[in-house]
Amino acid sequence: MIERLDTMYQRLLSRNILVAVIIVILAIAAPYLANTYTISLVIEVLIFSIFAMSLNLLVGYTGLPSFGHAAFFGLGAYIIAYVSGVNDLTLSLTNNILLTLPIVIVGTGIIALIVGSLALRTDGIYFLMITLAFAQMLFSVAMRWSAVTGGSDGLIGIPRPEIDLGIWKYSFESRTAFYYFVVTTFVAIYFGLHNIIHSPFGLALKGIKSNQMRMQVLGYKTLNYKISIFVLAGVIAGIAGMLLAQFYWHASPENLYWTISGQALIMVILGGVGTLIGPVIGATLMRLLPNITSTYTNNWQSYMGIMLIVFVLCAPNGIMGILLKKLKNNR
Amino acid sequence: MNDLIVQSINSIVFSMLLFIMAAGLSLIFGHMNFINLAHGSFYVLGGYIGYTMISKIGSYWVALLIVPILVGLVGATIEFLFLRRLYGKHRHLEQVLFTMGLALITADIIRSNWGTYVVTVKTPLLLDGSISILDSQFPLYRLVVIGIGLTIAVVLWILMQRTRLGIILRAGVFDKNLVSESGINIQVIFTGIFGLGSALAALAGVIGAPLHSLYPGLQFEILVLTLAVVIVGGLGSLQGAFFGSLLIGIADTFGKALLPEISLFLIFALMAIVLLAKPMGLFGAQSN
């Protein structure tokens with residue numbers, strides 16, 4: 001019995017390694033195999049995957065229904081715009097990723113800490129509404145305060161990043177170079193989150209999700225855990241927003257809008273709540289479908305609305321939910 | 001000084017609109033434990049249908065009566081067909097996604113029927129005049145809106161405090177099982193609440209249309225303000241909706257007059273202060 005299980009495990013492992021090797025080769029070779037349109041699409045999918053994974057930390061692992069995650073996505077975009085953008089309204093300090101990335105992390109982190117310590121005093125519906133309200137208010141400030149934020153046009157002239165070590169300098173300005181930059185960031189965040197989720201900290205979060213009272217009785221300071229994960233999720237969303245702004249050379253108030261928060265939620269739930277790969281699947285589908293149906297430009301609102309409704313009524317556990325169920329039945 | 005009086009009355013007019021919205025939303029949140037992000041859409045739908053009806057029939061008053069009934073029936077039908085599949089303690093996200101879907105579809109329906117231009121609705125002829133209060137001219141219509149808001153507040157208060165239905169509703173906030181175990185058909189009540197909530201939103205839309213114009217994106221602006229009212233006031237509380245509306249309405253009107261760029265941020269700050277003191281809102285049930 002144990003032997004059989006062992007061989008099964010070995011087979012599964014070798015298959016996984018094979019899959020991993022293929023994915024790595026494909027990822028490295030992609031710019032030479034695919035056309036520029038496809039590469040742009042992959043970059044976009046990866047950026048939104050990072051964003052959706054960060055939201056999944058709250059929704060999937062800790063049970064915090066945030067509906068204002070676009071706030072941090074947009075903040076990341078605007079912060080990088082102020083720091084590196086070449087524009088009348090921006091500071092144009094530096095474009096060295098070794099400096100700009102920490103600034104984005106600290107900036108979004110501080111704001112996430114403030115909003116989190118406030119919003120996490122409540123939970124459930126209240127938490128959801130406060131996060132939504134916060135994001136919408138940022139959006140309205142971005143739209144109306146044109147003298148500082150560029151209004152509905154947003155901020156333009158954001159360069160793609162470069163690494164500057166003084167003696168050696170490399171720019172990710174070309175599409176291919178930026179693609180590798182995004183892939184690297186994605187992989188780093190994916191495995192970083194993998195470690196966090198399986199650490200004692202991650203397990204405590206799962207405990208909070210299933211029974212907060214019990215965790216408190218066991219002596220966990222649940223509020224501190226929740227604030228920490230809120231800040232982490234905000235920072236990663238900020239990094240995703242930074243990447244999107246650099247990719248399009250543009251920070252737009254749209255990045256802060258509630259439809260972006262909603263899209264991220266759909267990605268998470270469509271793919272499967274509380275699985276690491278789920279949001280990536282969800283993000284891939286969400287960004288690919290509009291391109292295939294090509295209805296995106298005219299009636300994208302109806303298109304997305306109908307998709308939402310059908311999805312909620314038919315597959316509330318997401319694609320990973322369906323797959324996991326099948327796996328269980330096969331066993 | 002004159003300006004201050006005008007702004008004060010304006011802020012109360014706006015508060016009354018918010019109250020009619022928030023009373024409906026708070027009913028739905030508090031009694032059905034359901035998040036309805038399409039509430040702003042019912043408001044805007046009321047405004048646009050009212051606009052068409054006024055220009056076709058020519059009577060504001062007919063529109064004021066019929067539009068809320070129409071939109072209320074639409075709301076009740078949606079509840080009957082779909083929403084009852086989504087009730088449950090841990091299903092808020094599904095509710096959010098579903099009603100967000102409704103809001104997006106409504107936005108598209110409005111765009112294809114009424115276009116993306118700004119639509120202005122005329123003040124009803126009978127109320128087109130103005131009254132002078134302390135040397136400043138004041139449009140009669142705005143005072144009537146205050147009157148309508150107060151009337152609705154009183155009617156809802158009587159409904160909640162003095163009728164059998166009110167007792168059932170108030171009991172439902174605390175213990176739904178108890179209500180249904182007492183032999184009351186809670187499904188029918190939920191359909192009724194959602195219909196009433198939608199009708200109130202549409203009523204606010206018809207009343208509000210002559211005050212401000214109708215434009216794309218209005219539903220989300222009004223939704224966020226209504227959410228702020230409900231958060232500040234407390235879920236499921238009529239008093240909360242009333243005083244929350246006054247607070248948010250006054251803050252919004254004066255914020256827009258004094259610091260137009262960041263007026264919404266003032267409201268968020270206000271919300272933050274209230275929540276720091278009372279996490280469940282001013283009049284919300286403070287226990288978990």
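Throughout, a chain's letter reflects where its sequence line sits, starting with A, and its residues are numbered from 1.
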Which portion of [X] sits near chain B, non-hydrogen atoms under 4.5 angstrom:
{"X": "Y257(A)", "result": "side chain"}
{"X": "V310(A)", "result": "neither"}
{"X": "I309(A)", "result": "both"}
{"X": "T259(A)", "result": "both"}

Subject >> Interface moiety of M271(B) toward chain A, non-hydrogen atoms closer than 4.5 Å >> reply: side chain
**OP:** Please flag which part of L102(B) lies under 4.5 Å from any non-hydrogen atom of chain A: side chain, backbone, both or neither.
**Re:** both
Subject >> Donor on one side chain, acceptor on other, T226(B) and H39(B), under 3.5 Å >> reply: no
**OP:** Indicate whether any N or O donor in one side chain lies under 3.5 Å from an N or O acceptor in the other, for R144(A) and T149(A).
**Re:** no
Taking the ring of [Y] and the ring of [X], is the distance between their centroids below 6.0 Å?
{"X": "F51(A)", "Y": "H69(A)", "answer": "yes"}
{"X": "F67(A)", "Y": "F134(A)", "answer": "no"}
{"X": "F73(A)", "Y": "F48(A)", "answer": "yes"}

Original post:
Between L37(B), I109(B), L223(B), L225(B), which has the largest tally of heavy atom pairs under 4.5 Å with chain A?
Top reply: L37(B)
Subject >> Between I231(B), L227(B), V224(B), I267(B), the one whose heavy-atom pairs under 4.5 Å with chain A are most numerous >> reply: I231(B)
**OP:** Would you check if E221(B) and Q136(A) make a side-chain contact, meaning some heavy-atom pair closer than 4.5 Å?
**Re:** no
